[in-house]
S.K.: 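Sharing a structure, written as C-alpha cells. Questions coming.
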Amino acid sequence: MGKIKKKVLITGITGQDGSYLAEFLIKKNYEVHGIVRRVALEDESHRLWRIKNILNKINIHSASLESYASLVKIIQRIKPNEVYHLAAQSYVSYSFEDEFSTLNTNINGTHYILSAIKDFSPRSKFYFAASSEMFGKVRKTPQNELTPFYPRSPYGISKVAGFELTRNYREAYKLYACSGILFNHESPRRGFEFVTRKISYAVARIKLGLQKELYLGNIESKRDWGDARDYVKAMWLMLQKKSPDDYVIGTGKTFSVKDFVKIAFSHVNLDYKKYVRINKKLYRPAEVDLLVADYTKAKKKLNWKPKTKFKELVVSMVEEDLRSLKDI
Ligand code: G4F
C-alpha cells in the first residue's frame, strides 16, 4: 500500500508564488488543493494561465477570502496538513487608491483562515505571506526579524495586522503558525503591474519594435530582489521545523529600479536613456526608499539561501518575455 499523501491548501494558487509552490509540492508528492475566487466578469482561462499545466494534478475549490463560511467549508472538509495563505491584494500602489478593500480583504481574510483552522482543523500548519513592506520607512539596515515595523501603505499596514494575528494565534491557541517576511521576489510569472515585469515586458516589446517608450515612477527606490522560485522553498522549509517561528527571506543585496532598467536594456543592446520617461503620476503618496534583508536566521535554522543573482534574474525575465512575444 502506498504512503498516505500529505494534503496542502494554497490560497492565491493562481498567483506567481502560488503556482510555483503548487509545482514544488506536487514534486514532493503532496495532494494539492487551491482556492480560486470565481469572478463572472473575468476570463477564466486567462486568470488560470500560471497553473494551466498543472490543472489536472491539483484540486481547485471555489471560495472567497471575504467569506468566512466558504473558507470554513473547505478547511473542515480537507483538514489539510499545511495551509499556505498567499492570497491578498498585493499591489502596493493600488492599496492607496482603494484602502478599504485592501484592508478588508487582507486583514479579514487572514483572520478568517486562522479562526477556521483553530476551530475546525487545529493540527493544520499555517504559513502567512508577510512582507518586507512592513519595514517601510526602515528603522535599521539591513532588516531582520527584530527590526521594528513602520509600514508606509495600506498594504503594508494590512500585512503588519496579518503578521500580528498569526503570532497571536500561535501564542494564544498554540497553532503551528509561521510568517515568512519575504522581500521582493520576481520571475517571468510576475504580474504586469509590478515594476520588474513592466520593465522586462517593455524592453522586449521595444526590442521587437512593438513599443517606443516606457513610463516609470520613482526609479531611485531600492529593493532586495530575489527569485520567486527560490522563495517558495523557504515557505515550505518553515513548516517542516519542530516548532513554528517567523523568518526574513531575502538576498542581502539591494539594487535600485534604475539598476534593473539599465541591465534589462543593455541586455538587448539598447540605451535606456532613449526610451525611459518619468511620469510623476506614478509616484506613490508615501514611498519605501530602501529595503535589504538580513536572512541570517533562515540560513542558520532552515539551511536556506538564495540561488539566483540579480543580473541573472533580470536577464531571465527579459529573455522569457522576448521568447513569448516572438511566439505570438
Ligand atoms: O514592483 P513594485 O510595485 O513592488 P513593491 O511596491 O516593492 O511591492 C512588492 O514587494 C513587496 C515585498 O517588499 C510585496 F509585499 C508586494 O506585494 C509587492 O510584491 O514597486 C517597486 C518599486 C517601488 O518603489 C515603486 O515606487 O518600483 C517603483 N516604481 C517606479 N515606477 C514603480 C514604477 N512601481 C510600479 N509598480 N510601476 C511603475 O511604473
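Counting starts at 1 for both ligands and their atoms, in listed order.
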S.K.: For atom 31 (N) of ligand 1, which candidate among Gly217, Ala293, Ala130 holds the nearest heavy atom?
M.R.: Gly217

S.K.: Got a sec: does the CZ of Phe100 have more than 12 other heavy atoms crowding it under 6.0 Å?
M.R.: no

S.K.: On a heavy-atom basis, I'd like to know which of Val288, Ile199, Val195 is closest to atom 37 (N) of ligand 1.
M.R.: Val195

S.K.: Taking CZ in Arg123 as the centre, count heavy atoms belonging to other residues, nucleotides or ligands within less than 6.0 Å. Is the count above 12?
M.R.: no

S.K.: Test Glu23 against every option in Arg189, Lys57, Lys28 by the salt bridge (charged side-chain N to carboxylate O under 4.0 Å, His left out) rule and name the one that passes.
M.R.: Arg189

S.K.: With a 4.0 Å heavy-atom cut-off (strictly under), which part of Met134 contacts ligand 1: side chain, backbone, both or neither?
M.R.: neither

S.K.: Do me a favour and list the nearest non-hydrogen protein atom to atom 16 (C) of ligand 1 with residue, atom name and distance?
M.R.: Ser90 O, 3.4 Å

S.K.: Is there a polar contact, in the sense of an N or O pair closer than 3.5 Å, between Glu287 and ligand 1?
M.R.: yes

S.K.: Minimum distance, heavy atoms only, to atom 19 (O) of ligand 1: which one of Lys198, Arg284, Arg190 is it?
M.R.: Arg190

S.K.: I'd like to know if the side chain of Asp17 pairs up with that of His185 as donor and acceptor (distance under 3.5 Å, no hydrogens or angles considered).
M.R.: yes

S.K.: Of the side chain and backbone of Arg223, name the one, both, or neither that has a heavy atom under 4.0 Å from an atom of ligand 1.
M.R.: side chain

S.K.: If you have a sec, work out which protein heavy atom is nearest atom 36 (N) of ligand 1 and how many Å separate them, to one decimal?
M.R.: Glu193 O, 2.9 Å

S.K.: Is it the side chain (CB and beyond), the backbone, both or neither of Val92 that lies under 4.0 Å from ligand 1, heavy atoms counted?
M.R.: side chain

S.K.: If we ignore angles and hydrogens, is there a donor and acceptor under 3.5 Å between the side chains of Tyr91 and Gln89?
M.R.: no

S.K.: Considering only heavy atoms of Ser131, which atoms of ligand 1 have at least one such atom less than 4.0 Å away?
M.R.: 11 (C), 12 (C), 13 (O), 14 (C), 15 (F)

S.K.: Do Arg197 and Phe192 meet the cation-pi criteria used here (NZ or CZ under 6.0 Å from the six-membered ring centre, within 45° of the axis)?
M.R.: yes

S.K.: Let's go through Phe260 and Phe255 carefully: what are the C-alpha distance in whole Å and the side-chain angles of both, what is the deciding distance for ring-ring contact (aromatic ring centres under 6.0 Å, His included) to 0.1 Å, and is it a yes or a no?
M.R.: CA-CA 7 Å; Phe260 194 105; Phe255 294 92; 9.7 Å; no

S.K.: Of all the non-hydrogen atoms in the protein, which one sits nearest to atom 5 (P) of ligand 1, and at what distance?
M.R.: Asn184 ND2, 3.8 Å

S.K.: I need the contact type for Ser221 against ligand 1. Using non-hydrogen atoms and a strict under-4.0 Å cut-off, is it side chain, backbone, both or neither?
M.R.: side chain

S.K.: Tell me which protein heavy atom sits closest to atom 13 (O) of ligand 1, plus the residue, atom name and distance to 0.1 Å.
M.R.: Ser132 OG, 2.4 Å

S.K.: Which option out of Asn218, Asp17, Leu214 puts a heavy atom nearest to atom 30 (C) of ligand 1?
M.R.: Asn218

S.K.: Record the part of Tyr155 in heavy-atom contact with ligand 1 below 4.0 Å; permitted values are side chain, backbone, both and neither.
M.R.: side chain

S.K.: Looking only at the side chains, is there a donor atom on one of Asn104 and Ser101 sitting less than 3.5 Å from an acceptor on the other?
M.R.: no

S.K.: Passes salt bridge (Lys or Arg N to Asp or Glu O under 4.0 Å), Arg170 versus Asp246? Steps please.
M.R.: CA-CA 11 Å; Arg170 176 168 74 222; Asp246 305 319; 2.9 Å; yes

